[in-house]
There are 2 protein chains.
Amino acid sequence: MARAAKPRENKDKKARDLPTGIALLWGEQDQPARGPKPSLTPQRIAQAAVTLADAEGLETVSMNRVAAEFGVSAMALYRYVPGKTELVELMVEAVLSEPPDLSAASSGWRARLSTWAHRQWAVYQAHPWLLAATAMRRQIMGPHQLAWMDAALAALEPTGLTAGQRHQVFLLVAGQVRNLAQQRADFDEDHNREWGRLTSELLNRHSDRFPALTKAIADGAFTPTELDPLDFGLDRILDGVQVLIDRA
Amino acid sequence: MARAAKPRENKDKKARDLPTGIALLWGEQDQPARGPKPSLTPQRIAQAAVTLADAEGLETVSMNRVAAEFGVSAMALYRYVPGKTELVELMVEAVLSEPPDLSAASSGWRARLSTWAHRQWAVYQAHPWLLAATAMRRQIMGPHQLAWMDAALAALEPTGLTAGQRHQVFLLVAGQVRNLAQQRADFDEDHNREWGRLTSELLNRHSDRFPALTKAIADGAFTPTELDPLDFGLDRILDGVQVLIDRA
DNA sequence: ACAAGATGTTTACGCTATATACAGTGGTGG
DNA sequence: CCACCACTGTATATAGCGTAAACATCTTGT
């Protein structure tokens, strides 16, 4: 509230709309005085887009499609959201919501980071489009995204690592979750079967070119295994971090 | 050669064109008998698309733009490439080329995996669009991609790990390279400065909400540091793998 | 020589995001 | 009270995308 609405000084057209987008993400928007009551809010729009993406995938989330969800024209959305980029940012913020309270859930940096990763993973599983949405370019972070980051960094504080190291470890763990989401997106059930069939046929014809791969497949490296991929990678990473800590 | 050209039995329209795309990737195309000589090849098209993407980014690689590079119409490309998806796959195969000979370059699984990661990282740096290109959906792997995978798996064979574990470790290391590329794509120089400025202003206003993050920034966790991010993550991961090996 | 098959162009369709111009609504200052 | 004007929503238009379909042109096997 309070801040007078600046009369839209977009000299750079779309270059410096960052502040507008940021204000949106942080909910710092002042409602207008005169004129008809808005029938929508950025949050309601984002929520509709989220349920749409959950149901039919991110690629079906177009301005037209989302607007149709409210029975309005596509251009109506631009009264609430500067553009599609910002809409996607709002979607991300919407599904992230508040991070879990790690200090309550578990004790010790390792257990806390581990539950952090599992919670984050749960979000990726619930909203498979999240990976693609955050993989797009030039992200600005909203409060929820920062809160997740804060939670992970807080868990790392008692380790005795330097600030730079803690940051790197955070990136490492966050990356592991993203990677797993990526792998899941690449190989769904059907595709995996098809890929395996075609690739094995090709490998039979070129087995001399890929000896290690051929052997790995023969040894069942690609058949679904009992070890959870998230935990496997996480354990390796955290073991490595533990080594670093012990060394200091 | 040899295989008679099937008269294009696309009943599913675009669902079962996979074999066509695969044949392209593996160079198993038979040249036609009658008709004018083709003025292009899939490889030349892909190469032009690669240099275009290197120079102006993947988003400017459109069928029209690539076709213009040869002075032909956009539709002419469809005589050589089934669609844009397959073109991008060809681009990926083109820039990957043959993996390095790790057994010659270094000895020991750790050194070999490390150089593997560095070589892969070099490719990502030379072609920043590679991340986005491989992040797209439903990839089928070409021979070069499989060759890189084979090289990494070969390096892991002397570790004594199970086939499943070796596969997981491979995914872990490959993921680390991808993650770094992702971070580089997210935060280029200019954007980083701008992000830091805006975020620090927001953090000043909400420092109570993000105590650990605020402290981390104050401690210089985000200022460019001397430790190489690729090596830092890699060292943690490989340390963790070493722990696993020792335990067995 | 002729037919067959391959190449390349033209045209068109449906889709995307969004700029622009306009119509209706309703709170507020004169 | 009423006119103004900020604000909402719509209609229209543009530029671009990938690609389907119809067509003309060229080359080669028969």
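Just so we're on the same page: letters track the sequence lines, and every chain starts at 1.
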With sugar-phosphate taken as primed atoms, P, OP1 and OP2 and all else as base, the protein-contact string of nucleotides 25-30 of chain D at under 4.0 Å (heavy atoms; B, S, -) is -BBSS-
In whole angstroms, the gap separating C1' of D:dT19 from OH of B:Tyr80 amounts to 18 Å
For A:Tyr78 and C:dT16, what is the distance between atoms OH and P respectively, to the nearest whole Å? 11 Å
Minimum heavy-atom separation for A:Ser39 and A:Tyr80, please, with both atom names. N-OH, 3.1 Å
Are A:Ser62 and C:dC15 close enough that a side-chain N or O sits under 4.0 Å from OP1 or OP2? no
Which pair of heavy atoms, one from A:Pro229 and one from A:Gln176, lies closest together, and at what distance? O-NE2, 3.6 Å
Rounded to the nearest 0.5 Å, what separation is found between the CG atom of B:Asp150 and the OG1 atom of A:Thr214? 7.0 Å
How close or far is atom P of D:dC17 from atom CG of B:Leu87, stated in whole angstroms? 14 Å
In terms of side-chain heavy atoms, does B:Gln125 have a donor or acceptor partner in B:Trp121 at a distance below 3.5 Å? yes
Between the opening five pairs and the closing five pairs of the helix from C:dA1-D:dT30 to C:dG30-D:dC1, how far apart are the helix axes, to 10°? 10°
Check: A:Leu153 main-chain N/O paired with A:Trp116 side-chain donor or acceptor under 3.5 Å: no
A:Met63 near the nucleic acid: base, sugar-phosphate alone, or nothing, with a heavy-atom cut-off under 4.0 Å? sugar-phosphate
May I have all residue pairs that pass side chain to side chain donor-acceptor pair (under 3.5 Å) and include part of residues 60-72 of chain A, sequence neighbours excluded? A:Glu56-A:Arg65, A:Arg65-A:Glu69
Expressed as a whole number of angstroms, how long is the span from B:Met75:CE to D:dA21:P? 10 Å
Regarding A:Phe70, tell me which of base, sugar-phosphate or nothing describes its non-hydrogen contacts under 4.0 Å with the strands shown. nothing
Please report the distance, rounded to the nearest Å, between NZ in A:Lys84 and P in C:dA19. 15 Å
B:Ser73 near the nucleic acid: base, sugar-phosphate alone, or nothing, with a heavy-atom cut-off under 4.0 Å? base
Rounded to whole Å, the CG-C1' distance (B:Asn64 to D:dG18) equals 9 Å
Quick one: does B:Gln182's side chain get under 4.5 Å of B:Arg178's, heavy atoms only? no
Rounded to whole Å, CG of A:Leu40 lies from C1' of D:dG9 at a distance of 10 Å
Out of C:dT10, D:dG9, D:dT19, which nucleotide sits closest to the side chain of A:Arg79? D:dG9
Just by modelled atom types, is the B:Val177 backbone N or O under 3.5 Å from a matching donor or acceptor in the B:Tyr124 side chain? no
Determine yes or no for a side-chain-to-main-chain donor-acceptor pair under 3.5 angstrom, with A:His167 supplying the side chain and B:Ala221 the backbone. yes
Please state how far atom CD in B:Glu59 lies from atom P in C:dT16, giving the value in whole angstrom units. 20 Å
